[in-house]
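Below is one structure, written out as structure tokens; comments come after it.
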Amino acid sequence: MALFDREFIAVPDDRKGQIVFKWPDETIRKMTRAIVNADEMAVFVNTGKVVATMGPGRHQIQADELPGLGALIDFATGGNAYRAELYFVGTREYPRNAFGGRIDDVQDPQTGMIVTLRVFGDYSMKVVDPVALITNLVGTVNVADNDAVTGWMSDQLLKVLRTHMTVQIVRNGWPILGLSAYTPDIEKEVVSAGNEQLASYGVQLVRMGNFDINLSAEDEAQLKALAKDTAYSRLAGGFNQYAAGEMALGAGAGMAQGGGAVGGAFLAAGLGLGGQAAAAPQAASPNLPAGPGFAGGGPGYAAQAAAASASAVPAAAKCPSCAADNPLGAKFCSSCGTAMAPPGVACPGCAAENPQGAKFCSSCGTSLAPAVAHCSQCGTELAPGARFCPSCGTPAAG
């Protein structure tokens with residue numbers, strides 16, 4: 001009878017790639033030898049409970065060596081066999097387990113755009129607790145396909161990426177186009193958080209393989225276009241100059257292809273726009289990023305424009321007496337009280353205020369030169385403030 005002819009139990013060579021291999025017979029003859037390889041552990045299960053385990057080595061299946069088997073004697077065989085399910089669980093590292101899918105919709109900290117993140121790659125895993133794996137995950141079935149284990153681990157990986165990647169991007173301000181620079185940080189976070197999720201199943205993530213976090217083709221094209229426009233605007237000195245240059249180049253290309261008068265009109269419009277942009281002061285665009293800029297870029301354009309406008313503010317007025325700085329337009333020094341500017345000259349015609357030294361009123365044109373007095377007797381011109389005529393001695397009027 002085949003039952004009593006069997007001498008050895010081991011995992012067949014063509015099944016050594018399985019994480020869990022179930023021995024096909026549930027009736028195991030006494031004194032049969034089980035060969036457990038160095039990267040395996042054997043687990044005996046009866047009615048859903050683990051009753052005995054065997055580590056690497058060659059074992060004789062009997063109650064003296066495995067006390068838990070004593071209660072599993074099969075009386076149908078005259079007490080010469082045990083009634084139990086035997087599982088061989090691989091404990092080595094299993095690499096190249098593929099996973100991937102959609103992570104989440106996230107907001108790029110650099111541009112404010114909402115993009116969809118995806119991930120594709122592989123990972124390696126190992127079983128650290130064979131008993132927990134059988135009782136909590138695979139159950140007492142023949143697990144011929146490793147997907148029963150790796151499929152669940154892949155689902156947990158995606159769950160961790162969804163809950164942790166968004167937090168990391170927002171908290172650290174990672175640019176979406178530069179996420180590959182943070183691969184070591186992402187791997188460390190995913191492995192740590194993933195193992196917390198998988199601890200109760202007796203499996204463990206060892207390391208991530210060649211995984212890639214990327215965007216849909218449409219989102220990537222939009223982000224790259226915005227990054228290019230921002231970089232070129234910075235080089236051109238402003239978005240208006242960049243737009244005018246793009247219009248002029250487009251019109252020139254159209255004329256080269258036979259655009260004729262229409263191309264010339266567009267070229268003229270582009271040059272006109274460029275002239276207006278060059279003449280007008282540049283204001284920070286509300287649509288350009290104010291953050292640290294794009295990956296490989298410099299500061300955000302809005303922040304750069306703010307710095308330029310701050311540097312254009314003129315210096316404060318200095319007091320002529322103590323040299324203290326005062327706000328522009330101040331009439332008296334806030335430090336010593338000295339008048340910041342000499343009093344103006346009132347126009348005798350319209351009473352408008354004019355600066356010292358002005359010869360004519362800026363409002364009505366009246367001469368601001370002081371009136372010349374003459375002697376009432378001889379007509380000689382009198383110096384300002386003279387009390388008597390230098391020619392005849394007549395007292396000056398008034």
Would you mind writing out the side-chain donor-acceptor pairs for residues 196-203 within the sub-3.5 Å range, not counting sequence neighbours?
none

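- Taken to the nearest 0.5 Å, the CG atom of D104 stands 14.0 Å off from the CZ atom of R118.
- Cluster membership for L179 and F120, using ILVMFWY side-chain heavy atoms within less than 4.5 angstrom, is not shared.
- Expressed to the nearest 0.5 Å, how far CD of E26 lies from CG of L72 amounts to 11.5 Å.
- Listed here is the closest heavy atom pair of C392 and Q377: SG-CB, 4.0 Å.
- Salt-bridge annotation for R92 and E40: absent, with no side-chain N of the basic residue lying under 4.0 Å from a carboxylate O of the acidic one.
- Between V43 and P130, the closest heavy-atom pair is CG2-CB, 4.2 Å.
- In this structure the side chain of T366 reaches within 4.5 angstrom of the side chain of P348, judged on heavy atoms.
- In summary, of the residues considered (T53, V89, N136), a side chain to side chain contact (heavy atoms under 4.5 Å, CB included) with V131 occurs for T53 alone.
- Summarising the geometry, atom CZ belonging to R102 is positioned 13.0 Å from atom CG belonging to L161; distances are rounded to the nearest 0.5 Å.
- The closest donor-acceptor contact from the side chain of N195 to the backbone of Q204 lies at 3.5 Å or more, if one exists at all.
- At a threshold of 4.5 Å between non-hydrogen side-chain atoms, the residues D147 and T150 count as touching.
- Annotation: side chain of C350 is in contact with side chain of C361 (closest heavy-atom distance under 4.5 Å).
- The side-chain heavy atoms of S335 and C319, taken from C-beta on, include no pair separated by under 4.5 Å.
- A side-chain N or O of T27 and one of R83 form a donor-acceptor pair less than 3.5 Å apart.
- Of all non-hydrogen atoms in D108 and L223, the two that sit nearest each other are OD2-CD2, 3.5 Å.
- Annotation for N172: atom CG counts as buried by contact number, over 12 foreign heavy atoms lying within 6.0 Å.
- Taking the side chain as every heavy atom from C-beta outward, D212 and V119 never approach each other to under 4.5 Å.
- Of all heavy-atom pairs between T338 and P320, the closest is CG2-CG, 4.4 Å.
- One finds the CG atom of L205 at 10.5 Å from the OG atom of S192 (value rounded to the nearest 0.5 Å).
- Here the options are L157, T183, D122, the test is side chain to side chain contact (heavy atoms under 4.5 Å, CB included), and the partner is M208; only L157 passes.
- Residues E187 and F211 form a side-chain contact, since some pair of their non-hydrogen atoms from C-beta on lies under 4.5 Å apart.
- In this structure, V128 is not a member of the same hydrophobic cluster as F21, with clusters built from ILVMFWY side-chain heavy atoms closer than 4.5 Å.
- The backbone N or O of T116 sits less than 3.5 Å from a side-chain atom of D219, completing a donor-acceptor pair.
- At a threshold of 4.5 Å between non-hydrogen side-chain atoms, the residues R207 and E93 count as touching.
- No more than 12 heavy atoms of other residues, nucleotides or ligands sit less than 6.0 Å from atom CZ of R58.
- For E85 and K22, the salt-bridge test passes: some basic side-chain N is under 4.0 Å from an acidic carboxylate O.
- Taken together through direct or relayed side-chain contacts under 4.5 Å among Ile, Leu, Val, Met, Phe, Trp and Tyr, I19 and V206 form parts of separate hydrophobic clusters.
- Counted by atom type alone, D39 and N37 present zero donor-acceptor pairs between their side chains at under 3.5 Å.
- Side-chain contact between F44 and L69 is present, with heavy atoms from C-beta onward closer than 4.5 Å.
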